[in-house]
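A short write-up of the structure that comes next.
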Amino acid sequence: MQVIDTEARIRKQIAENPVILYMKGTPEAPECGFSRAAVGALQKVGKPFAFVNVLQAPHIREKLPKVSQWPTFPQLFVNGELVGGCDIILGMEADGTLQPLLEQAGSEA
Ligand SMILES: N[C@@H](CCC(=O)N[C@@H](CS)C(=O)NCC(=O)O)C(=O)O
Ligand code: FES
């Protein structure tokens, strides 16, 4: 029961938020360096993003890796699709692909 509810909750969050970061802590107070680095890259772009603090959501922390097939946090989703974790986010920041991805998020085109 809980498993189904949690998966449905995750899918709803991902569907309803064009940019959503599953992280440890909050953007204001990250509780892990990987999450802090991911937040920093997103904030530099400046596009608003939703977040879920998985340290406050143990069922999501347990279930999301099975849903997304990605084992760790942070996890960034854009337009309903997994982008990746900290390494991928920082790589995209470095090669200039993060900004355009985030800027088109939520717009049909
Ligand atoms: N190389 C990873 C680093 C992230 C990572 O290793 N996260 C670990 C430690 S914060 C994690 O989420 N472990 C599973 C867990 O804590 O639930 C990335 O690119 O995101
Ligand atoms: S909480 Fe220890 S590495 Fe992220």
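Each ligand, and each atom within it, is numbered from 1 in the order the structure gives. These numbers come from the heavy atoms of this one structure, side chains and all, not from hydrogens, waters or symmetry mates. As the structure is a computational prediction, the values presented were derived from the model and not from experiment.
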Quick one: which ligand 2 atoms are inside 4.0 Å of a heavy atom on Lys24?
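Heavy-atom distances to Lys24 below 4.0 Å select 1 (S).
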
Nearest-contact summary for [atom] - protein heavy atom, Å:
atom                    : value
atom 10 (S) of ligand 1 : Lys24 NZ, 3.1 Å
atom 18 (C) of ligand 1 : Cys86 N, 3.4 Å
atom 13 (N) of ligand 1 : Thr72 CG2, 4.0 Å
atom 4 (Fe) of ligand 2 : Cys32 SG, 2.2 Å
atom 1 (N) of ligand 1  : Asp87 OD2, 3.1 Å
atom 4 (C) of ligand 1  : Phe73 O, 3.3 Å
atom 17 (O) of ligand 1 : Arg61 NE, 2.9 Å
atom 14 (C) of ligand 1 : Pro71 O, 4.0 Å

Surrounding CD of Glu62 (heavy atoms of other residues, nucleotides or ligands, distance under 6.0 Å), is the total greater than 12?
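Not buried by this count: 12 neighbours or fewer within 6.0 Å.
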
Donor-acceptor check, side chain of [X] to backbone of [Y], threshold 3.5 angstrom: yes or no?
X      : Y      : result
Asn53  : Leu55  : yes
Gln75  : Trp70  : yes
Gln104 : Leu101 : yes
Asn79  : Gly106 : yes
Gln99  : Gly96  : no

Tell me the closest heavy-atom pair linking Cys86 and Pro74, and the distance in Å.
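Distance-wise, the nearest heavy atoms are N-CG, 3.8 Å.
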
Heavy-atom pairs closer than 4.0 Å: do any link ligand 1 to the side chain of Cys32, the backbone, both, or neither?
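Under 4.0 Å from ligand 1, Cys32 contributes side-chain atoms alone.
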
Ion pair Lys47/Glu103, N-O distance below 4.0 Å:
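Salt bridge absent between Lys47 and Glu103.
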
Using a 4.0 Å cutoff against the non-hydrogen atoms of Gly85, which atoms of ligand 1 qualify?
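Reading through ligand 1 atom by atom, the close ones are 19 (O), 20 (O).
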
Between Phe34 and ligand 2, which residue portion shows a heavy-atom distance shorter than 4.0 Å: side chain, backbone, both, or neither?
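Just the side chain.
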
